[in-house]
Amino acid sequence: MSVMALGGLLAACQVVPKTAGPPPPPEAPETIEPGLPTDTDRHRVALLVPETGANADVGTAIANATTMALLDARAEKVRITTYDTALGAAAAARQAIADGNKLILGPLLSEDVGSVAPIARAAKVPVLSFSNDTSVAGNGVFIMGFVPGQSVERVVSFARSKGHVRFGALVPKNVYGERSAAAFRSAVKAAGGTLVAVESYDHSAAAMTGAARRLANAGDMDAVLIADAGGNAVRAVPVIKSNGERQILGTERWNTDASLGASAAMRGAWFASVSDGLYGQMATQYRKRYGKAPYRLSSLGYDAVLLTVRIARDWKPGANFPVNRLLAPDGFGGIDGIFRFDNRGIAMRALEVSEVGAGGFRVIDPAPTKW
């Protein structure tokens, strides 16, 4: 996708970033300090991410991306202050609210959302989390994370449109696998397909091989979903195909593993995810500025800022955040394409379908550009 395409998409959310090269280094998002000065001209927004501990690298990448978005959007009236959730998410939320922030971006982990939500709710401060756990959404909490069920629904619907009728699935025994399996059953039914079998496994090579063999022998099926990382799919696919050729389907977890095509058995597999075109451009600028590649989730921080900037044009500094604006039917646009929140506060995303090839991925069904 060209640089012109980047400008076009972000113009749709009324924000046009600079893409010709890195701008001068900005002031970094402010960190917590006693007694933040009164600021009546700018919107005060808190960013709650881990800056220390096991998830510090991810949190730092998100924080860096918010800085880039502020620069690209030339958002002089939005002030973002960063609070470290690794020191206690509840304490970070209390401090953020005491400092006068009217919107919280983050936190990253669903358990931290659970700690932050009641504190923010009592202060009438909405939470725009980076989690993908739909169970924490609602009642003032909006989630921007990539929900696996949406990827499953998209790829199953596409496979059905190509004539595939009988479906099977291989899923891990964890929360991601359980949610993917539930979405798969619903998607097959909604698409008018036939569910043949779903097999699950513990995370060991032997358990996966055993589950794949059971699935391969479960009956006639022409499409099989593997709701796991690409590396595990590479091991399972030859077993699944040992009893007949099947169309292999995957989830958004595959879109960061361009090496999948090195396996001949994986070539021709389909998966659904957000587009990586604009993210690739952002990642290039990120590497120029910070000297290393960003984490994929950093785009959530960038897009959260674009969303905030768009709404800030009709938001009086110091007033409560106009939470109803988050439910705009035309949604928002950004690095990860268009999205909008449903009435539960879950980001519904426009996804593309890609095919695994020897040289990488090829988009075979583009994501919609408008709702």
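Note that the structure is a prediction, hence the values are computed from the model and not measured.
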Are [X] and [Y] packed together at the side-chain level, in the sense that at least one heavy-atom pair is separated by less than 4.5 angstrom?
X: Asn64; Y: Tyr295; answer: no
X: Ile240; Y: Ile226; answer: yes
X: Arg289; Y: Leu71; answer: yes
X: Lys241; Y: Glu245; answer: yes
X: Phe130; Y: Ile62; answer: yes
X: Trp315; Y: Lys77; answer: no
X: Asn255; Y: Ser354; answer: no
X: Asn55; Y: Leu109; answer: yes

Ignoring hydrogens and geometry, is there a side-chain-to-backbone donor-acceptor pair from [X] to [Y] under 3.5 Å?
X: Arg121; Y: Gly140; value: no
X: Gln247; Y: Gly268; value: yes
X: Gln150; Y: Ala347; value: yes
X: Ser151; Y: Ala272; value: yes
X: His164; Y: Ala223; value: no
X: Ser200; Y: Pro172; value: no
X: Ser263; Y: Leu260; value: no
X: Asp365; Y: Val353; value: no
X: Arg166; Y: Asp222; value: no

*So which of Lys173, Arg253, Arg235 actually passes salt bridge (Lys or Arg N to Asp or Glu O under 4.0 Å) with Asp228?*
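Exactly one candidate clears the test, Arg253.
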Please round to the nearest 0.5 Å and tell me the distance separating atom [atom1] of [X] and atom [atom2] of [Y].
X: Phe361; Y: Ser273; atom1: CZ; atom2: OG; value: 8.0 Å
X: Lys288; Y: Met68; atom1: NZ; atom2: CE; value: 10.0 Å
X: Leu108; Y: Met144; atom1: CG; atom2: CE; value: 12.5 Å
X: Phe341; Y: Leu307; atom1: CZ; atom2: CG; value: 6.0 Å
X: Glu199; Y: Arg213; atom1: CD; atom2: CZ; value: 12.0 Å
X: Arg79; Y: Asp99; atom1: CZ; atom2: CG; value: 8.5 Å

*When the ring planes of Phe271 and Trp254 are compared, do they come out parallel, tilted or perpendicular, using 30° and 60° as the limits?*
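Taking Trp254 first and then Phe271, their aromatic rings sit tilted (interplane angle of 30° to 60°).
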*Take the angle between the ring planes of Tyr290 and Tyr286 and call it parallel below 30°, perpendicular above 60°, tilted in between.*
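Ring orientation of Tyr290 relative to Tyr286: tilted.
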What pair of heavy atoms forms the shortest contact from [X] to [Y], and how long is it?
X: Gly231; Y: Asp257; result: N-OD2, 4.0 Å
X: Gly177; Y: Val171; result: O-CB, 3.9 Å
X: Gly301; Y: Thr66; result: O-CG2, 3.6 Å
X: Asp336; Y: Ser299; result: OD2-OG, 2.6 Å
X: Leu170; Y: Ala211; result: CD1-CB, 3.6 Å
X: Phe184; Y: Gly168; result: CZ-O, 3.4 Å

*Kindly determine whether Leu87 and Thr52 satisfy side-chain contact (heavy atoms from CB on, under 4.5 Å), including the steps that lead there.*
CA-CA 8 Å; Leu87 302 178; Thr52 56; 4.2 Å; yes
Mind checking whether [X] and [Y] sit in one hydrophobic cluster, side chains of I, L, V, M, F, W, Y counted as touching below 4.5 Å?
X: Val234; Y: Val224; answer: yes
X: Val156; Y: Val147; answer: no
X: Val58; Y: Leu128; answer: yes
X: Leu225; Y: Val239; answer: no
X: Val152; Y: Val274; answer: no

*asked:* Is a donor from one side chain sitting under 3.5 angstrom from an acceptor on the other, for Ser204 and Asp202?
replied: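 On atom types as modelled, these side chains do not qualify, holding no pair under 3.5 Å.
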_Distance-only polar pair, side chains of Thr251 and Tyr176, donor-acceptor under 3.5 Å_ =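 Yes.
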*Are Ile338 and Trp371 close enough, and set up right, to give a side-chain contact (heavy atoms from CB on, under 4.5 Å), and what steps lead you there?*
CA-CA 8 Å; Ile338 62 171; Trp371 296 107; 3.8 Å; yes
*All pairs passing salt bridge (charged side-chain N to carboxylate O under 4.0 Å, His left out) where residues 338-361 contributes a residue, at least two apart*: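 Listed by first then second residue: Glu355-Arg362.
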*With side-chain contact (heavy atoms from CB on, under 4.5 Å) as the test, would you mind laying out the steps for Leu103 and His43 before giving the verdict?*
CA-CA 9 Å; Leu103 173 66; His43 302 286; over 6 Å; no
*Kindly indicate, with the supporting measurements, whether the criterion side-chain contact (heavy atoms from CB on, under 4.5 Å) is fulfilled by Val45 and Phe321.*
CA-CA 10 Å; Val45 177; Phe321 183 83; over 6 Å; no
